[in-house]
Amino acid sequence: MAFKTDIEIAREAKKRPIQEIGDKLGIPSDHLLPYGHDKAKVSQDFINSVQDRQNGKLILVTAINPTPAGEGKTTTTVGLGDGLCAIGKNAAICIREASLGPNFGMKGGAAGGGYAQVVPMEEMNLHFTGDFHAITAAHNLLSAMIDNHIYWGNELEIDERRVSWRRVLDMNDRALRDTVTSLGGVANGFPRQTGFDITVASEVMAILCLAKDLADLQRRLGDMIVAYRRDRSPIYARDIKADGAMTVLLRDAMQPNLVQTLENNPAFVHGGPFANIAHGCNSVTATTTALKLADYVVTEAGFGADLGAEKFMNIKCRKAGLAPSVVVVVATVRAMKMNGGVAKADLGPENVEAVKKGCPNLGRHIENVKSFGVPVVVAINHFVTDTDAEVQAVKDYVTEMGSEAILCQHWAKGSEGTKELATRVAEIADADMANFAPLYSDDLSLFEKIETVAKRIYRADEVLADGKIRNQLKEWEDQGYGNLPVCMAKTQYSFTTDPNRRGAPTGHSVPVREVRLSAGAGFVVVICGEIMTMPGLPRKPAAETIRINEEGLVEGLF
């Protein structure tokens, strides 16, 4: 049986004017800044006007470690939101924007799939409303102003060897990881070694996603440390006098984007830090606004629960005063088989034993999420090749873990395939069963926080960090940054730093390669193993098959 592609399904969507979608949440049309007919930004004035309202229930969707077999976390987020609306609930969805890098690389888009999608799918996965371009421009404006300050006499006495602010680009390009700038003679400045990160790894991205309003945004931008003097004293973005102009560039990008699902339900799409190299959640502004407008807000955190959910709890919730009522962990039978040792090419035939063997990966995520004091429901994202016996094996395992698993068929059936999940999630959220608390307190040392995540979430025996890294952490503590949370950057494919170790390994070590202080965002980035903050393209990038056809339509996107 031939199935329609995501883009074919998205093109058949019967979209409603964005003003009608805003009406569902009580957003007046004059507070929507339209980008065409099907997407709009929500004005800051309206956001300010609803802050005295009571919050709805916050539902987090996370997943097991991603595998080539596919998990469908965003698809489940959209399907659950549609399911809640289908059973008569006032619900909204909050997801992240897509980066161009993975779209033209190998991961694909960030709008869901099948009949559980957010539209307009093509625009969302390409330039959308220009937020990422604004973040890239603001980040690189600061880079230009730093080099310009040094060129015109270096009044701040910046040590050119200790400029920590790199440039960014929203593209996978390994050639730019390490570069030398200002070659070509005196007129071009002072040559120095630097490099590029992908835009989603930018501290500006993290700040936009954590700031409450424009004033908070500018304060955080000004707090970013960009370089050091020879005496190791820090230079801030406000010392370069860049924070005001950066805020101007980000003024529109700060306002969350409103779009719709295939079933014409409201979805906020805003921000997009990767969870393997950043904190992996959509913006605080979008989430908190949705909570004032809807009774139930379904949001997602990137990659597996060891990354996105951990940072959602320990960073986003801590900083924004949020608390999830229930967490949905997405799993698939196919991924359980891969964790059980089956190759991707052999996933079709029934293999109950492999499913059982792979379930400990799911079990580890259930245990981890429960350690935050939040109830867990497992959503089994259904594939047509799944057999009843394989699905039952997952359900039985989850029952043994003290949770419940519900089969979901939203990819093929839309909201009709998630009504059971939606009903149960709403029941748990309404019962106020959660007793949420972050994993560690603010007053632990930075290294103790790293160890807490490594040992309690990854189940590592130890953290390996040389004296240089430990001394750097201690120096930041002495400067007053010891109360910050840590943002672990590691491979998304495993609980370890080895992407090939699936399942639920124990007895491993977490090597820390580098630490970066994101003083404006308010966390310390801990780079583990071989993870890169500027990805490369695969051998056969998706870009090779993306084109515009004879009808003027995009082909090959997904």
Between the side chains of [X] and [Y], does any donor sit under 3.5 Å from an acceptor?
| X | Y | value |
| --- | --- | --- |
| T199 | T136 | yes |
| N257 | D131 | yes |
| H410 | T418 | no |
| K344 | T67 | no |
| N65 | H365 | yes |
| N282 | K316 | yes |
| D82 | S415 | no |

Trace of the side chain to side chain contact (heavy atoms under 4.5 Å, CB included) decision for V269 with F128 = CA-CA 10 Å; V269 181; F128 200 30; 3.9 Å; yes

If you look only at distance, which donor and acceptor atoms sit under 3.5 Å apart when one is on a side chain in residues 319-333 and the other is two or more places apart or in another chain?
unit_1 : atom_1 : unit_2 : atom_2 : d
K319   : NZ     : G522   : O      : 3.1
T332   : OG1    : G70    : O      : 3.1
T332   : OG1    : A335   : N      : 3.0

Take atom CG in D466; do more than 12 heavy atoms of anything else shown fall under 6.0 Å from it?
->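 Count over threshold, so yes.
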
Regarding [X] and [Y], does a basic nitrogen lie under 4.0 Å from an acidic carboxylate oxygen?
| X | Y | result |
| --- | --- | --- |
| K449 | E451 | no |
| R318 | D442 | yes |
| K337 | E390 | yes |
| R424 | E427 | yes |

Going by the side chain to side chain donor-acceptor pair (under 3.5 Å) test, name the single residue among D306, T496, N368 that passes it with R459.
-> N368

Non-neighbouring partners of R513 that pass salt bridge (Lys or Arg N to Asp or Glu O under 4.0 Å), sequence neighbours left out =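 With neighbours one apart ignored, the set is empty.
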
K419 side chain to A86 main-chain N or O, any donor-acceptor pair under 3.5 Å?
-> no

Output for pair (H508 NE2, L464 CG), nearest 0.5 Å, gives 11.5 Å

Residues which pass side chain to side chain contact (heavy atoms under 4.5 Å, CB included) with C528, listed by chain and number, not counting sequence neighbours = M488, K490, T497, V510, V512, V526

Aromatic ring pairing F303/F274, orientation class (parallel under 30°, perpendicular over 60°, tilted between) | perpendicular

